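Not measured: the values here are computed from a predicted model. For the single chain, residues carry numbers from 1 onward in sequence order.
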Amino acid sequence: MSDRTRSAMAEVLAGSPRRGAMWLFFGPAVIASVAYMDPGNYATNIGAGAGYGYKLLWVVLAANLIAMLFQGISARVGIVTGKNLAELSRENFSKPVTIAMWIVSEIAAMATDLAEFLGGALGLSLLFGWPLIWGMGVTAVVTYAILMFERGGFRPMEIVIGALVALIGACYLAEMFVAPVDWGSALAGLTTPTMPDARALTIAVGIIGATVMPHAIFLHSGLTQHRALTSDPAQKARLVSFSNREVIIALAVAGMVNMAMVIMAASAFHQGHAEVAEIETAYHTLTPLLGGFAAAAFLTSLIASGISSSVVGTMAGQLIMQGFIRRHIPVWLRRVITMAPAFVVVWLGVNTTEALVMSQVVLSIALPVPMVALLVFARRPDIMGRFAIRGPVLWLAVLGATVVLGLNFVLLWQSAGLPVPGLVE
């Protein structure tokens with residue numbers, strides 16, 4: 001960040017009026033929002049739209065609202081305390097609890113990177129006709145090159161990630177003009193909660209896991225903790241206000257992209273191609289149904305999603321390790337560690353889309369760790385002072401965490417082969 005930008009931010013926080021002041025503080029939520037548009041979303045959203053039409057759109061909306069709430073709280077914790085969630089956990093929990101949280105969070109980070117890395121590689125493989133292993137190599141090189149922008153400070157990385165987010169959004173905006181959308185049914189699916197069967201429940205939990213991301217909750221507190229340092233309560237209040245507005249805007253865009261994914265899959269595949277549940281099949285089916293432009297836009301957005309989210313996943317992994325165990329490893333080594341599961345999946349011949357969907361289920365099961373920890377710290381006046389969450393915000397956050405925990409319990413119940421009351425197989 002340049003001295004000029006820092007000076008302008010300080011003036012705004014001091015109370016000086018400035019046109020477009022909010023945009024000076026834009027960036028952290030944009031980076032975090034990438035986690036909500038990663039390739040895991042493509043896998044779950046295609047399965048939801050192709051298999052159930054518009055009926056699971058309400059799940060995407062609910063997941064996005066929960067994500068907004070928790071990302072806003074995470075950013076608030078970083079701004080107010082000057083520490084990230086992993087650091088606070090290490091300082092306030094016992095060592096065994098901290099180690100357990102770190103292990104679960106690292107597993108979640110690897111599951112995240114599996115989805116992101118495989119998605120980008122798969123997009124390159126399909127678009128250019130390469131073997132999947134070539135796509136993985138190119139994705140690894142491009143991801144590492146983008147990570148080098150972080151050496152230049154906040155802004156260069158935010159600009160690169162912001163451009164990739166804009167590309168993803170543009171691709172899906174174009175898709176909406178091509179796909180034959182039934183907007184009446186889409187509105188009904190958005191506003192009428194329904195769960196058709198047990199498979200829909202698995203997809204719904206996958207959507208939750210792909211939308212409310214554990215590593216994004218950790219990362220957002222880290223992105224805000226040193227961005228605009230101030231000890232003045234009034235200035236912190238302005239920072240929190242700017243942050244809340246950015247979270248709403250950035251995650252609203254991410255939510256609309258996710259809804260567009262489901263709508264595209266529903267309009268293109270549900271009638272006559274409901275069996276489409278894989279990214280590769282979706283691409284090959286889109287060409288005869290909606291034309292080459294729609295298929296190319298789909299892959300372009302997938303590649304942008306895979307590369308940008310892989311960058312963000314590596315950043316989150318570094319923060320998690322540094323926060324929990326005070327260890328820092330080189331970026332290249334972090335990339336090698338987080339890429340390893342993806343190469344194992346390819347080597348074993350596992351279906352890539354199935355791997356993406358299951359990675360999102362793993363994330364959903366790991367999600368309660370940062371959610372509960374965040375609520376524990378955000379409500380404590382001794383940590384947050386007058387910025388501690390209370391009243392409606394606290395109860396909504398508790399409700400959101402309860403919904404996620406409840407869905408995870410039902411999924412585990414279902415995975416054990418036990419029938420879920422009210423659902424059919």
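In this structure a side-chain-to-backbone donor-acceptor pair under 3.5 Å is missing from Thr143 to Val311. Using modelled atom types, no side-chain atom of Glu158 and backbone atom of Val30 make a donor-acceptor pair closer than 3.5 Å. Between the side chain of Ser241 and the backbone N or O of Ala237 there is no donor-acceptor pair closer than 3.5 Å. A donor-acceptor contact shorter than 3.5 Å links the side chain of Thr300 to the backbone of Ala296. In this structure, Glu246 contributes its side chain and Phe26 its backbone to no donor-acceptor pair below 3.5 Å. A donor-acceptor pair under 3.5 Å is formed between the side chain of His270 and the backbone N or O of Ala50. Using a distance-only test at 3.5 Å, with no hydrogens or angles considered, no donor-acceptor pair links the side chain of Arg379 to the main chain of Ile389. The backbone N or O of Gly135 lies less than 3.5 Å from a partner atom in the side chain of Thr139, making a donor-acceptor pair.
Within the 4.5 Å cutoff, the side chain of Leu124 has no heavy atoms near those of the Met136 side chain. Within the 4.5 Å cutoff, the side chain of Pro39 has heavy atoms near those of the Ser309 side chain. Met321 is not listed as a side-chain neighbour of Arg326, based on a closest heavy-atom distance of 4.5 Å or more. Between Met37 and Val165, the closest side-chain pair of non-hydrogen atoms falls below 4.5 Å. In this structure, the side chains of Leu190 and Trp58 stay at 4.5 Å or more apart for every pair of heavy atoms. In this structure, the side chains of Val376 and Leu88 stay at 4.5 Å or more apart for every pair of heavy atoms. Inter-residue side-chain proximity for Ser243 and Ile79 is flagged as met; some heavy-atom pair is nearer than 4.5 Å. Side-chain contact between Leu56 and Val60 is absent, with no heavy atoms from C-beta onward closer than 4.5 Å.
Scanning for salt bridge (charged side-chain N to carboxylate O under 4.0 Å, His left out) contacts around Lys236 gives an empty result, with sequence neighbours left out. Every residue two or more places apart in sequence or in another chain that forms a side chain to side chain donor-acceptor pair (under 3.5 Å) with Gln225 is listed here: Asn84, Glu87. Not counting sequence neighbours, the partners of Ala174 by the side-chain contact (heavy atoms from CB on, under 4.5 Å) test are Phe293. Residues passing the salt bridge (charged side-chain N to carboxylate O under 4.0 Å, His left out) test with Glu106 are Arg334, sequence neighbours excluded. Checked against salt bridge (charged side-chain N to carboxylate O under 4.0 Å, His left out), Arg245 has no partners two or more places apart in sequence or in another chain. Legend: residues meeting side-chain contact (heavy atoms from CB on, under 4.5 Å) with Pro392, ordered by chain and number and at least two apart, are absent.
Rounding to the nearest 0.5 Å gives a distance of 12.0 Å between NE2 of His220 and CD1 of Ile73. Thr314 OG1 to Tyr144 OH: the interatomic distance, rounded to the nearest 0.5 Å, is 11.0 Å. Rounding to the nearest 0.5 angstrom, the gap separating the CD1 atom in Ile207 from the OG1 atom in Thr202 is 11.0 Å. Of the inter-residue distances, the one linking Ile66 atom CD1 with Leu251 atom CG reads 12.5 Å to the nearest 0.5 angstrom. Here Ser301 contributes atom OG and Leu164 contributes atom CG; the two are 11.5 Å apart, rounded to the nearest 0.5 Å. Met371 contributes atom CE, which lies 11.5 Å from atom OG of Ser74 (distance to the nearest 0.5 angstrom).
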Audit row: Arg76, Leu239, side chain to side chain contact (heavy atoms under 4.5 Å, CB included) steps and yes/no: CA-CA 9 Å; Arg76 174 191 290 245; Leu239 269 175; over 6 Å; no
Worked verdict on Ile99 versus Ile103 for side chain to side chain contact (heavy atoms under 4.5 Å, CB included): CA-CA 6 Å; Ile99 295 298; Ile103 291 172; 4.0 Å; yes
Stepwise side chain to side chain contact (heavy atoms under 4.5 Å, CB included) test for Leu85 and Leu319: CA-CA 9 Å; Leu85 182 57; Leu319 182 141; over 6 Å; no
Test log, rule side chain to side chain contact (heavy atoms under 4.5 Å, CB included), inputs Ile203 and Arg199: CA-CA 6 Å; Ile203 293 176; Arg199 179 174 174 271; 3.7 Å; yes
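Side-chain contact of Tyr54 with Ser267: a donor-acceptor pair under 3.5 Å is absent, judged by distance alone. Checking Asn258 against Asn64 by side-chain atom types alone, no donor-acceptor pair falls below 3.5 Å.
A distance below 6.0 Å separates the ring centres of Phe93 and Phe377.
Using cut-offs of 30° and 60° on the angle between ring planes, the pair Phe218 and Phe324 is perpendicular. By the 30° and 60° cut-offs, the orientation of the rings of Trp130 relative to Phe128 is parallel.
Closest approach of Leu374 and Phe70 over heavy atoms only: CD2-O, 3.5 Å. Closest approach of Thr224 to Gly78, counting heavy atoms only: OG1-CA, 3.5 Å. Ala373 and Met101 make their closest contact through CB-CE, 3.8 Å (heavy atoms, listed as atom of the first residue, atom of the second, distance). Smallest separation of non-hydrogen atoms from Ala32 and Leu223: N-CD1, 4.5 Å. When all heavy atoms are compared, the tightest approach of His226 to Gly82 is CE1-O, 3.9 Å. Of all heavy-atom pairs spanning Gln235 and Leu13, the tightest one is CG-O, 3.1 Å.
Checked against Leu126 for a side-chain contact (heavy atoms from CB on, under 4.5 Å), the options Leu299, Leu132, Ile303 give a single hit: Leu299.
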